[in-house]
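Remarks on the structure that follows.
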Amino acid sequence: MKVLFIASECSPIVKVGGLGDVVGSLPKSLKKLGVDVSIVIPFYKPIQLTNKILVQKNIRITFDSQEKSFNLWKTNLPQTEIAVYLIENKEYLSSKGIYIETDASSGGTSAEAGRFLFFSKAAIEVGNLLNIDILHCHDWHTAIIPYLIKKTNQNKIKTILTIHNLGHQGIYSKQIASQLLGIEFPDEVNCLKLGILNADIVTTVSPNYSKEILAEEFGFGLDKYLKQRKDSLFGITNGLDENTWDPEKDKYLIKNYSASQLRNKAENKIYLQRLFFKRENPSVPLLSIVSRLAQQKGIDLITKIFPELMKENIQFVLLGKGCSHYENFFKEMTSKYPEKFGAKIEFNEKLAHQIYAGSDIFLMPSYFEPCGLGQLIAMKYGTVPVARAVGGIKDTVENVKWKMENGKLVVSRDGFLFEKYQADELLSTINKALELYRNKSAWQKIQTNGMNKDFSWHKSAKEYLKLYKFLA
Ligand code: GLC
């Protein structure tokens, strides 16, 4: 059974967010289970590869009413035998960066349509060249593929669409889409909707999210179509790449540590405090956020509680990029509270690892969250999440419980959850966490509970395998 992952990102070759992490890690576990899996991505301009071979030059497809061509390159997913194919075409894919919109949304411009509709058509051609049985498409960028496969009666090829983010759909006017694809569309084209309606199987990245999206609140206008596909809709929780995310082996950390040597985590905190605040302060709780600065991630709530939060005896570091009004807000706050708050407005893989390791509490107040990798990484690094009980967060974080037993505080579970998307709920939940932080042994128990959980891909990869077998 030959499976081809088709996606706009693949870590570590090219990554903006969690999508890239998943595409760069799930195939490794599938391979271990015996699946013949490879990956295809666009050959964006910034991609630098030392090790690549040209598979075929000038492969032709019809696009925008003309014959166009692309070159197909091949490299390996680092430290694996898994082939990553790259589609090179100067006109649409290879003369610019990854996304045109700064928040990685689907825009609606003809440039963005040209880029990903071209990529989708070219990827089908790659699938044919490689004799692929199952095309595994990810998010709106590739969601037109199941529709195109059905339309051209390529019935032997099966398709799976995995939704990482229902908020971005790839919506284009009928003129743009008809012109580029050479198909008469009666209405505007919504790539994600067409994928949902035509894929043999649709998956989301956590079981809870697969249920939430059937209702209007989280359906982003597509709940009606998702309901039609309910019997073919599955939720499978994301895992973490164990080679990348492991505090015992992480090459970016100042000091490696494990659940049984939590003392060493403290050195990572000192490093962070020196970096952001120029001096150390081991006893002050250090809060953190590593995130795209987008509304989805609940950044609104953070801006609302900010002045209150700054009254607490805490420090807070933030790493991320995204909407400019959030970026400006956090830059301003860095100058206003230089001793308590520090923001780095950038993508910085190394610093991300160091923040997960060096902070005490990780904030993730998402408005919606298909799976969320931040809370998983935080728990694995003994950094306790304060998060909203939504989407995949609800599937992966268990709300701390505590009671007094013989004069001792006894705690169980691994994070702090709140339900309603409200600033005061977030603030009171942070305060709850800060209260328990003062009790060292209780806090350590919460930390180690999270660290000892299984966040590997192993179980989830088996679930994907079941779906592949069902289709084959
Ligand atoms: C998107 C979602 C996030 C998910 C990730 C990987 O970024 O917003 O919840 O974890 O994709 O599937």
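No hydrogens, no waters, no symmetry mates; every other heavy atom, side chains included, goes into these values. Counting convention: from 1, in listed order, for ligands and their atoms alike.
For Tyr99 and Ser8, the side-chain atoms include at least one donor-acceptor pair closer than 3.5 Å. Counted by atom type alone, Thr162 and His136 present one or more donor-acceptor pairs between their side chains at under 3.5 Å. For the residue pair Asp139 and His164, no side-chain donor N or O sits within less than 3.5 Å of a side-chain acceptor on the partner.
Residues that satisfy the side chain to side chain donor-acceptor pair (under 3.5 Å) test with Asn449, not counting sequence neighbours, are Lys445. Applying the side chain to side chain donor-acceptor pair (under 3.5 Å) test to Lys453 and every residue at least two apart in sequence or in another chain returns Glu398, Asp414.
Counting only non-hydrogen atoms, the option in Gly372, Gly374, Gly18 that gets closest to atom 10 (O) of ligand 1 is Gly372.
The closest protein non-hydrogen atom to atom 3 (C) of ligand 1 is Glu369 OE2, 3.3 Å. With hydrogens left out, the protein atom closest to atom 1 (C) of ligand 1 is His164 O, 3.3 Å, a heavy atom. In this structure, atom 7 (O) of ligand 1 lies nearest to the protein heavy atom Arg292 NH2, 3.8 Å.
No donor-acceptor distance shorter than 3.5 angstrom exists from the side chain of Asn208 to the backbone of Ile393, with no hydrogens or angles considered.
Near Pro370, with a cut-off below 4.0 Å to any heavy atom, the atoms of ligand 1 are 2 (C), 8 (O), 9 (O). Of all atoms in ligand 1, listed by their number and element, those nearer than 4.0 Å to a heavy atom of Gln296 are 8 (O). Interface of Asn238 with ligand 1, defined as ligand atoms under 4.0 Å from a residue heavy atom, comprises 6 (C), 10 (O), 12 (O). Atoms of ligand 1 found under 4.0 Å from any heavy atom of Val205, numbered from 1 in the order shown, are 12 (O).
For ligand 1, none of its N or O atoms has an N or O atom of Val22 under 3.5 Å away.
Residue contacts with ligand 1: Gly392 is excluded, as none of its non-hydrogen atoms falls under 4.0 Å.
Aromatic ring orientation, Trp73 versus Phe43: perpendicular (interplanar angle above 60°, classes split at 30° and 60°).
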